[in-house]
Engineer: 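Once you've had a glance at the structure underneath, I'll fire off some questions.
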Amino acid sequence: MGERNKRYFVGIDVGGTHFAIGVVDGEGKLLAKHTMPTGAGRPFGVIVKEMADTAKRLVVRAGLAESRIGSVGIGVPSTIDSKTGHLIFANNLDWRDLDLIGEFRKSWDVPVYVENDADCAALAESMDDAAKGKNTLLITFGTGFGGGLIMNGKIFKGGDNSGFEPGHFVLFHKGIQCTCGNYGCVEAYASVSALVRQTKEKMQACPDSLMWKECGADPEKVNGRTAFDAAKKGDAAAKEVVDAYIVYAALSIANLVTLFRPELIIIGGGLSAEGDYLIKPLYETAKSRIYAGELLGMPPIVPARLGNDAGIIGAALLGTVHI
Ligand SMILES: [Zn+2]
């Protein structure tokens, strides 16, 4: 195919607070990117129109005509009916039962694919040389506890195509209520939102903790790094928060390894920047809790390669793979 006929793809990664749009080529190379607030309280149609209009402007900014765009892929933190692209339930956006494809095409009549955002990120990360050909589990620590599983080169979507929701299997009977309405979900313990809550609780109990200094003595400024940063400086209370959090995350990963036996585990989201400080204890704890670990072995855990761009690139690539 000549350069003039080369097709490009648009990927949109919808998050609870921001959405990011990118233009990529067929190999997943990012040519242009734009991020803006989701404005999640606004009517669905208004948000989707803004997405489509912004995407069109970005295509122009990338120096391309709209006709060069093969398809648009949208990754949403939602359960998706992959046959119809219907958005079933996005607990963090409070969206349910919506026709995202139809709504988008009112503003831009182009082939549109919709998938779960973590599935999109998993698809992008699985294209890496180290992951190619391997059954790969991606776990994303963010507002939620997202995950995608690539099995035999395809996104694993379950028998009825409604997807893979590792953030919502139940870790604790009568546990804390999750944003999905259930109680004791993994997401209520092992997401970054949960870590922020755990950090604030410990700060209230320990007024002398270094965590207060890390957040400028303002609990509203606590983020996923607060406890990690104070723990690295030797703060005992912060280390308790980090250790407990890593156990929640490791148990969740261990259960997934026992169920699906991936060959590689990739950690994405902001927390992956903690590197070995997070990944080593996560690996060791998970290894000690998987079924027949001594005999079957624990798959390696590595940080995501594409960082925050994985969601955009994976969404864009939806149009290039048979999903
Ligand atoms: Zn839940």
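In each ligand, atom 1 is the first atom listed, and ligand 1 is the first ligand listed. Index from 1, following the sequence.
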Engineer: Please list, in chain and residue-number order, the protein N/O/S atoms closer than 2.8 Å to the Zn ion (ligand 1).
Structural biologist: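 Sorted hits: H168 ND1, C178 SG, C180 SG, C185 SG.
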Engineer: How far does OH of Y113 sit from CG of L318, to the nearest 0.5 angstrom?
Structural biologist: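 The distance works out to 9.0 Å.
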Engineer: Would you say that P299 contacts L264 through its side chain, given a criterion of any heavy-atom pair below 4.5 Å between the two side chains?
Structural biologist: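 The answer is no, as the side chains (C-beta and beyond) never meet within the 4.5 Å cut-off.
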Engineer: Using modelled atom types and a 3.5 Å cut-off, is there a donor and acceptor pairing between side-chain atoms of E263 and backbone atoms of N135?
Structural biologist: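 Yes; at least one donor-acceptor contact below 3.5 Å.
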Engineer: Does any N or O in the side chain of N116 come within less than 3.5 Å of the main-chain N or O of S78, such that one atom is a donor and the other an acceptor?
Structural biologist: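 A pair under 3.5 Å: yes.
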Engineer: What pairs with R305 under side chain to side chain donor-acceptor pair (under 3.5 Å), at least two apart in sequence or on another chain?
Structural biologist: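 Testing R305 for side chain to side chain donor-acceptor pair (under 3.5 Å), a comparison that skips the adjacent residues, returns D128.
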Engineer: Indicate yes or no for a side-chain donor-acceptor contact from R96 to the backbone of A90 under 3.5 Å, with no hydrogens or angles considered.
Structural biologist: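 Absent.
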